[in-house]
Amino acid sequence: MVPLNALESMARQVRERFIPQLIDHDPNQQVGVNLCARVDELEDGEYALVVVSGIFEKPEERLLYRTFAANTVWKNYLPYLDSVLEDADLPEETLAPDSL
């Protein structure tokens, strides 16, 4: 289980800077960035880091969302966070801490 303060720190970092989305943690295989994040309490009392990520579709998007540049657009993505867990069609065990 990840401590609540660690989850809150991760969410804060996403809101401050564009954190890259990588394939296999390889910086040469960046496919997008995390745009917005927050910590939500789940029904069972556990906490989840909820993240909105964007995948680059055009080369110029890499310039708009430069890795570790200041994230000045995170508030634009807050509405998407409200529906992430509600719309998730996941089996119950997917959200269980033991499955992480």
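Predicted, not measured: the structure shown is a model, and the values here were computed from it.
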Q | Residue pair Glu16, Asn71: steps toward the side chain to side chain contact (heavy atoms under 4.5 Å, CB included) verdict | A | CA-CA 5 Å; Glu16 292 173 354; Asn71 183 349; over 6 Å; no
Full working for side chain to side chain contact (heavy atoms under 4.5 Å, CB included) between Arg62 and Gln30 | CA-CA 9 Å; Arg62 292 179 185 274; Gln30 182 178 355; 4.1 Å; yes
Practice problem: Quick one: do Asn34 and Gln21 satisfy side chain to side chain contact (heavy atoms under 4.5 Å, CB included)? Show the steps, please. | Solution: CA-CA 7 Å; Asn34 293 317; Gln21 283 288 310; 2.5 Å; yes
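Using a 4.5 Å cut-off between side-chain heavy atoms of Ile, Leu, Val, Met, Phe, Trp and Tyr, with links allowed through other members, Leu78 and Tyr80 fall into the same hydrophobic cluster. Residues Leu35 and Ile19 fall into different hydrophobic clusters, defined by Ile, Leu, Val, Met, Phe, Trp and Tyr side chains chained together at heavy-atom separations under 4.5 Å. Grouping the Ile, Leu, Val, Met, Phe, Trp and Tyr side chains by contacts below 4.5 angstrom, directly or via other members, places Val33 apart from Leu22. Transitive grouping of hydrophobic side chains (ILVMFWY, heavy atoms separated by less than 4.5 Å) brings Trp74 and Val52 into a common cluster.
For the pair Cys36/Leu81, a side-chain contact is recorded, criterion being any heavy-atom separation below 4.5 Å from C-beta on. The side-chain heavy atoms of Leu49 and Val51, taken from C-beta on, include a pair separated by under 4.5 Å. In this structure the side chain of Val39 never reaches within 4.5 angstrom of the side chain of Val50, judged on heavy atoms.
By the side-chain contact (heavy atoms from CB on, under 4.5 Å) test, Gln29 is found to be paired with Ile23, Asp26, residues two or more places apart in sequence or in another chain being considered. Listed by chain and number, the residues in a side chain to side chain donor-acceptor pair (under 3.5 Å) with Arg38 are Asp40, Asp82 (sequence neighbours excluded). In this structure, Glu61 has no side chain to side chain donor-acceptor pair (under 3.5 Å) partners at least two apart in sequence or on a different chain. Among residues two or more places apart in sequence or in another chain, the side chain to side chain donor-acceptor pair (under 3.5 Å) test is passed with Glu8 by none.
Taking Ile, Leu, Val, Met, Phe, Trp and Tyr as members and joining any whose side-chain heavy atoms lie under 4.5 Å apart, directly or through other members, Leu63 forms no hydrophobic cluster with any other residue.
Here ring-ring contact (aromatic ring centres under 6.0 Å, His included) pairs that include residues 19-73, with residues two or more places apart or in two chains, are Phe18-Tyr65.
Around CD of Glu43, the count of heavy atoms belonging to other residues, nucleotides or ligands within 6.0 Å does not exceed 12.
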